[in-house]
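Right, one structure below, let's go through it.
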Protein chains: 2
Amino acid sequence: MITIKDVAKEAGVSVATISRVLNNSPGVSDETRERVLSVIKRLNYNPNLLGRNLRRMETKMVLVLLPTISNPFYARIVKGIEDVAQKNGYGVMLCNTDSNIEREKMYLELLKNRLSDGVIFMAPEMNKEELNEIGEKYAVVQCCEYKEGANVSHVSIDNYKASYKAVKHLIGLGHRHIGLISCKNNFLSTKHREEGYKSALEDSGIPFNPGYIRYGDYSFKSGFRAAQGLLNDHKEITAIFAISDIMAIGAIKACYENGLKVPDDIGIVGFDNISFAPMYNPSLTTVSQPKYDIGCTAMELLIKQIENKGGNKENIVLEHELIIRHSTVK
Amino acid sequence: MITIKDVAKEAGVSVATISRVLNNSPGVSDETRERVLSVIKRLNYNPNLLGRNLRRMETKMVLVLLPTISNPFYARIVKGIEDVAQKNGYGVMLCNTDSNIEREKMYLELLKNRLSDGVIFMAPEMNKEELNEIGEKYAVVQCCEYKEGANVSHVSIDNYKASYKAVKHLIGLGHRHIGLISCKNNFLSTKHREEGYKSALEDSGIPFNPGYIRYGDYSFKSGFRAAQGLLNDHKEITAIFAISDIMAIGAIKACYENGLKVPDDIGIVGFDNISFAPMYNPSLTTVSQPKYDIGCTAMELLIKQIENKGGNKENIVLEHELIIRHSTVK
DNA sequence: CATATTAATGTAATCCGTTACGTAAAATAT
DNA sequence: ATATTTTACGTAACGGATTACATTAATATG
């Protein structure tokens, strides 16, 4: 392997000068710089960043922990993260946690072992206390999902308002019997979306019926089953709001299998505006999060923390949008 | 920051002993080992892997370059890669190349700079020569997509046979006018899938009509447009084979917008069996690749290369499967 | 012309763990 | 009892690049 020493010898200068050339540091004559560069090219030298990283005690790498890359919701967010990272000289490592706390902790070792300068959580599995502990020593940002009361920055939308608006849209179309497909988990977004659903009903003088809530796990099948349950037990239901697009798509399929036409017989609203939402048959009315911006903002926060060495706890709320498609109106 | 020296001092032993404990090396008495472990815990010491990696000249990290994480096709493959990696003590960094050769090369720097021990390409953008050059110096495996004649291992299915089978399925259902939605690119899989389509027709005595081929770019929209073109120009067409599920889904949508029912008026077959294929309306007949196994196999090949220091060029072909759903039969 | 300043480069310590080698003590063999 | 082996450590070199500080040469200033 070619090292900086080989280059130095070949160019007839010291390793310090090579290092200065590599880092565009001042104090090298144009002539020497040219010569060094040509030697680097000729020897096909690639600096070994393990050395640099050890010395500088940084890696210019950040970790992004996401529950799964199967969920298309994350794709645009990640794009935002990567674009900002690249612009600032950082690399991004995506890591699938499978929503598994062991795997999450395993990947966090990369942070503790200094193989990464910071971490963005898409949906932290660990509890508030553990998160706080990590947040005290390392650069951490939560993205979309976050733990209430954790002293760690986060970027998200206002899930309560977004859900409220989605349900109000259905009510505005004349629906009075609106089912909800939610999830049984500890996500704050879930809680806020349920609250938004209830408030929208109450504000319109529609009594909240606990039997109208079913629970899934964000999967297609779970959405399908939840909808089937709702349609069986409550024939009067004319609309369903699902807290994720994938479950909403499952619900549409269930409607079709029950002989109900969407949107004629049943209106469906999802959440997330995944890339499949406009492709589906019918296209899906849904709440759109500014995914790209969320990603960019999260990465910007993270870089600020890394470079200012801590401090800078910030919480940022970005705007959502209701996108009306053919699953609610013809 | 706590270093190995601090632990050594606190435990009253030398750094070598600490290192031995950390690596489960022999030559440490049980008593000392216990004491060291308790000091490590008490001081909350995390070894700085930058030091270890520099010394050992390895990182136990591998790179996975994929065109985009938006394509759900990759999710299962990545899962296979990750599972095998974890079992062998490797971490996985996923990197979006955006099918951009610059980005691809940027991420390859991580390999050249020793921040990664090997790389798995899902769809290399660089040409055969460049790939060969990388393959000579570093551990490299191509996964699913590969360059013909490149002296670099690959794992994939037989795209020719798979495509042949898909088209034969349509012919078996009585279809005689079968459109193809392909892509204009240099992927070998594309070439093979087109060849399979042609051979299936010819073997059944159906003349190949070049007008029956349209080109997309793997996107939903492109599939939609391609199908619309086919349906407009060739009213006799009763089936379409698309070389990707997402384009097939676009094609189904186009059929519906043209008032054609799937599968009654038109049969559609896709390729990949993405997670959305069974969710779609109607569910999509498609070719399934053993994605998880492909991922596992690719990672196994890569580890073999890393640990045997080169050598071991192997090409592995895994079995595909045609999954018949409601886009071709009621 | 002597001195101060600046530019260009070199020397060597440093970052943190790993590991080859050395050593002393204890265990075992003869 | 002596010789040999084994065990349990410690010492220090090492990996590659960075950087504070030192040095030399060239230029500017009075």
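Note on naming: letters A, B, ... go to the chains in the order of the sequence lines (proteins, then strands), and numbering restarts at 1 for each one.
Residue contacts shown for B/Ser19 include a base, since a base heavy atom lies under 4.0 Å away.
Between A/Glu307 and A/Lys60 a salt bridge is recorded (basic side-chain N to carboxylate O distance below 4.0 Å).
Screening A/Ile77, A/Asp83, A/Thr297, A/Val78 against A/Tyr292 for a side-chain contact (heavy atoms from CB on, under 4.5 Å) leaves a single residue, A/Asp83.
Checked by atom type, the side-chain pair B/Asn315/B/Tyr146 shows no donor-acceptor distance below 3.5 Å.
Side-chain proximity of B/Arg55 to C/dG17, C/dA13, D/dG10: nearest is C/dG17. The side chain of A/Met57 lies closest to C/dC15, out of C/dC15, C/dT18, D/dT11. Of the candidate nucleotides D/dG10, D/dA20, D/dG16, D/dG16 has the atom lying nearest to any side-chain atom of A/Met1. Here the nucleotide nearest the side chain of B/Arg56, chosen from C/dT19, D/dG10, D/dT18, is C/dT19. Ranking D/dA17, D/dA20, D/dT11 by closeness to the A/Arg20 side chain, first place goes to D/dA20. Considering only the side chain of A/Ala16, C/dG10 comes nearest among D/dC14, D/dG10, C/dG10.
Rounded to whole angstrom, the span from the CG atom of B/Asn113 across to the C1' atom of D/dG16 amounts to 12 Å. Regarding A/Asp6, its CG atom lies at a distance of 11 Å from the P atom of D/dG15, rounded to whole Å. The distance between atom NZ of A/Lys112 and atom P of C/dC16, rounded to the nearest whole Å, is 19 Å. One can place NZ of B/Lys5 at 15 Å from P of D/dG10, the figure rounded to the nearest angstrom. A straight line from CG of A/Asn24 to P of D/dT19 spans 13 Å, rounded to a whole angstrom. Between B/Ile4 atom CD1 and C/dC15 atom P there is a gap of 14 Å when expressed in whole angstrom units.
Nearest-nucleotide positions on DNA chain D place B/Ser14 closer to the 5' end than the other of B/Ser14 and A/Thr17.
With sequence neighbours excluded, no residue forms a ring-ring contact (aromatic ring centres under 6.0 Å, His included) with A/Phe121.
Contact check, B/Ser25 against C/dT18: no side-chain N or O comes under 4.0 Å of OP1 or OP2. A close approach under 4.0 Å does occur between a side-chain nitrogen or oxygen of A/Asn23 and OP1 or OP2 of D/dT18.
For B/Val141 against B/Gln305, the heavy-atom pair with the smallest separation is CG2-NE2, 3.7 Å.
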- Message: A/Phe73 vs A/Tyr218, test: side chain to side chain contact (heavy atoms under 4.5 Å, CB included). Steps then yes/no.
- Response: CA-CA 11 Å; A/Phe73 170 66; A/Tyr218 296 109; over 6 Å; no
Compile the donor-acceptor pairs under 3.5 Å between side chains in residues 35-43 of chain B and protein atoms, sequence neighbours left out, one pair per line.
residue, atom, partner, partner atom, Å
B/Arg35, NH1, B/Ala11, O, 2.4
B/Ser38, OG, B/Arg35, O, 3.0
B/Arg42, NH1, B/Glu10, OE2, 3.1

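Within residues 30-54 of chain B, the residues that place at least one heavy atom under 4.0 Å from DNA chain D are, in residue-number order, B/Thr32, B/Gly51, B/Leu54.
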